[in-house]
Q: 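I'd like to ask you about the structure that follows.
Order of the sequence lines fixes the chain letters, A, B, ..., with proteins taken first and strands second; residue numbering starts at 1 for each chain. Values below: every heavy atom of this structure, side chains too, minus hydrogens, waters and symmetry copies.
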Protein chains: 2
Amino acid sequence: MPPLYKAVKQKLTEELRTGRWRHGQVIPSEPLLARRYAVSIGTLRRAVSELVAENILVREQGRGTFVASHTRDYMLNVFFRIEDRDGRRALPDSELISFRHGRANRAAAAALQIAVGDPVFQIRARLRLHGRPVILDEMRLPARLFPDLNEHIFSRRDTTVYGMFQARYGITVARTTEALSAELADRHTCELLGLQAPAAVLKVIRTAYAYKDLPVDWRVRYIDTKRHHYLSVLGGP
Amino acid sequence: MPPLYKAVKQKLTEELRTGRWRHGQVIPSEPLLARRYAVSIGTLRRAVSELVAENILVREQGRGTFVASHTRDYMLNVFFRIEDRDGRRALPDSELISFRHGRANRAAAAALQIAVGDPVFQIRARLRLHGRPVILDEMRLPARLFPDLNEHIFSRRDTTVYGMFQARYGITVARTTEALSAELADRHTCELLGLQAPAAVLKVIRTAYAYKDLPVDWRVRYIDTKRHHYLSVLGGP
DNA sequence: AAGTGGTCTAGACCACCAT
DNA sequence: TGGTGGTCTAGACCACTTA
């Protein structure tokens, strides 16, 4: 028998997945949910605690429990690991280079768990930190998940990409994996980042997942690490 | 008032820090500890759970709770994030290049929280994965924490470096932070890793911490990422 | 003052492991 | 069979927010 709190967690996840509870909103109180699911408050709290640990819910004492909202601050703290030499972090400004309709190649299909040739959006962007171009992104998004996405929606400046996923498509990114390596920058990359060849760049291949480990974004990113680095923390807090 | 379970956690940590409970051993059962500290089993379990989350204790159902032991498998799962293109991980074989007594420069002193000029061990090593040289390490260890450490102890093959810290000095590494960047390899690095200049290498600056955030190891590491990458996971499981 | 999440208790039963 | 950790309950009181 699977533990009861896992079943409760499933039910909570279902409410989120079907859009019954939307990002930024409060969910019902713990005593109420405990009654609704016919479990004790302790069991209900354990299920909620797991979703909090997974960045899906956020507790605020005295106010309630909320569906996590991908504000800029939230993004910065959870998913953006690039900081300057003094340990300061800031979100980059994005500059769209190109927005195309394409088809998934083998690598993209494998990462996004779709078929080779399935339609994807293929988006290039250059990101600046404190005015300097530092990051080059090439994203591929499964077109099926983002009906009607277009260049204009994409280049709006009032939110992050993942904030837009959430507000417009109800897709909440909960987890990413990134594979890092060092490479020599090619001519094109040097030009866009203002580097003199030969130059080394940090290559990051990211896959982002929504609830239930659904892949929603696959991107290759090149970072100029002359003035910045990528921070990784291993083990306990 | 700080919560009771935090106080209990402090008491548990004290038992570990003073060496009353040694790595690999069972600690007393939960009902017994709850009685000893005069708290309920739930409160005791919460304190233990936090130490488990911090990689300091390990629970085994039906057997007991153990002080984490830095076996090779454990290291591999928690602290070693380098894997090959197919996602396979293996611990490297180490080859000592040099072992010297030195003094902390500014960067080492800041990271290790000691004074500039304090004695440190300065150790270079080359690490091989599947026979190929892939990693170059330059470690600095505060000499005060490792009395009588020498080249022979260090180059023994029966354990990892952190396993040796624990078995010989009672120091358990619980957390590391790593700052990653890409650099062009210098001539020396190219030679030791068998690279043709110009080549890009992944530079990792690691600080390792024991209980209570005591820094115990600071190292600069260069990795050839032609056949390997560094894996970083962000957000919930 | 009423409602929220945060802490804490004192039990119960279950699943697993050693003997 | 006895001891371990894992789950679950049904309460209580506290700290904090909002109205």
Side-chain angles (χ1 to χ4, degrees), chain A residues 1-13 15-16 20-69 71 73-74 236-237, chain B residues 1-13 15-16 20-69 71 73-74 236-237:
Chain A
M1 273 285 282
L4 184 53
Y5 72 89
K6 289 282 184 194
V8 173
K9 183 180 169 189
Q10 263 315 112
K11 284 177 181 154
L12 296 173
T13 305
E15 302 271 23
L16 292 158
R20 209 143 115 49
W21 298 340
R22 324 259 321 185
H23 68 278
Q25 294 183 339
V26 257
I27 70 172
S29 77
E30 296 181 343
L32 201 158
L33 286 173
R35 280 199 302 278
R36 180 187 298 180
Y37 299 135
V39 297
S40 78
I41 187 90
T43 302
L44 187 277
R45 272 182 67 77
R46 180 148 187 192
V48 170
S49 295
E50 291 213 349
L51 292 169
V52 168
E54 293 170 24
N55 301 310
I56 291 169
L57 297 178
V58 178
R59 283 200 178 105
E60 293 188 26
Q61 179 166 156
R63 304 217 314 130
T65 301
F66 297 79
V67 183
S69 199
T71 60
D73 278 355
Y74 179 85
Chain B
M1 271 286 283
L4 186 51
Y5 73 89
K6 288 282 183 193
V8 173
K9 183 181 169 188
Q10 262 316 111
K11 284 178 181 153
L12 296 172
T13 306
E15 304 270 21
L16 292 159
R20 207 144 116 50
W21 299 340
R22 323 261 322 183
H23 69 276
Q25 295 183 340
V26 257
I27 70 172
S29 77
E30 295 181 344
L32 201 156
L33 286 173
R35 280 199 300 279
R36 182 188 295 180
Y37 299 134
V39 297
S40 77
I41 187 88
T43 302
L44 187 277
R45 273 181 67 77
R46 180 148 187 192
V48 170
S49 296
E50 291 215 348
L51 292 168
V52 168
E54 292 170 25
N55 301 309
I56 291 168
L57 296 177
V58 178
R59 284 199 177 106
E60 294 188 27
Q61 178 167 156
R63 304 216 314 130
T65 301
F66 297 78
V67 183
S69 198
T71 60
D73 277 356
Y74 179 84

Q: What residues from residues 24-40 of chain B pass a heavy-atom cutoff of under 4.0 Å to DNA chain C?
A: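 Of all residues in residues 24-40 of chain B, the ones placing a heavy atom under 4.0 Å from DNA chain C are B/V39, B/S40.
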Q: Distance check, rounded to the nearest 0.5 Å: A/T71 atom OG1 versus A/H23 atom NE2?
A: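 It comes to 10.5 Å.
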Q: Both A/Y5 and A/G62 contact DNA chain D. Which one's nearest nucleotide lies toward the 5' end?
A: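 The 5'-side residue here is A/Y5.
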Q: Apply side chain to side chain contact (heavy atoms under 4.5 Å, CB included) to the pair A/Y37 and A/K11, showing each step before the final yes or no.
A: CA-CA 9 Å; A/Y37 299 135; A/K11 284 177 181 154; 3.8 Å; yes
Q: How long is the gap from CD1 on B/I56 to CG on B/L51, to the nearest 0.5 Å?
A: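 These two atoms lie 5.5 Å from each other.
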Q: Charged N to carboxylate O under 4.0 angstrom, A/R45 versus A/E50?
A: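 A/E50 and A/R45: not salt-bridged.
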Q: Taking CZ from A/R59 and C1' from D/dA15, how many angstroms apart are they, rounded to a whole number?
A: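 A/R59 atom CZ is separated from D/dA15 atom C1' by 15 Å.
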Q: Is a salt bridge present between A/R35 and A/E30, judged by a nitrogen-to-oxygen distance below 4.0 Å?
A: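 No salt bridge links A/R35 with A/E30.
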Q: When you list every nucleotide of DNA chain C with an atom under 4.0 Å from a heavy atom of chain B, which one comes first 5' to 3', and which comes last?
A: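 Footprint of chain B along DNA chain C, 5' to 3': C/dT7 to C/dA18.
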Q: Ignoring hydrogens and angles, tell me if any N or O in the side chain of B/T13 forms a donor-acceptor pair with the backbone of B/K9 under 3.5 Å.
A: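 Yes.
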Q: Would you classify A/R45 as touching base, sugar-phosphate or nothing, given that sugar-phosphate means primed atoms plus P, OP1 and OP2, and contacts are heavy atoms under 4.0 Å?
A: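 Base contact - A/R45 has a heavy atom under 4.0 Å of at least one base atom.
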Q: Please say whether more than 12 non-hydrogen atoms of neighbouring residues, nucleotides or ligands are located less than 6.0 Å from CZ in B/R22.
A: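 At most 12 heavy atoms, drawn from other residues, nucleotides or ligands, come within 6.0 Å of this atom.
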Q: D/dT18, OP1 or OP2 - any side-chain N/O from A/R63 closer than 4.0 Å?
A: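 Looking at the OP1 and OP2 atoms of D/dT18, one of them is under 4.0 Å from a side-chain N or O of A/R63.
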Q: Among residues at least two apart in sequence or on other chains, which ones pass ring pair (Phe, Tyr, Trp, His ring centres under 6.0 Å) with B/Y74?
A: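 Once residues adjacent in sequence are excluded, the partners of B/Y74 under the ring pair (Phe, Tyr, Trp, His ring centres under 6.0 Å) criterion are B/H70.
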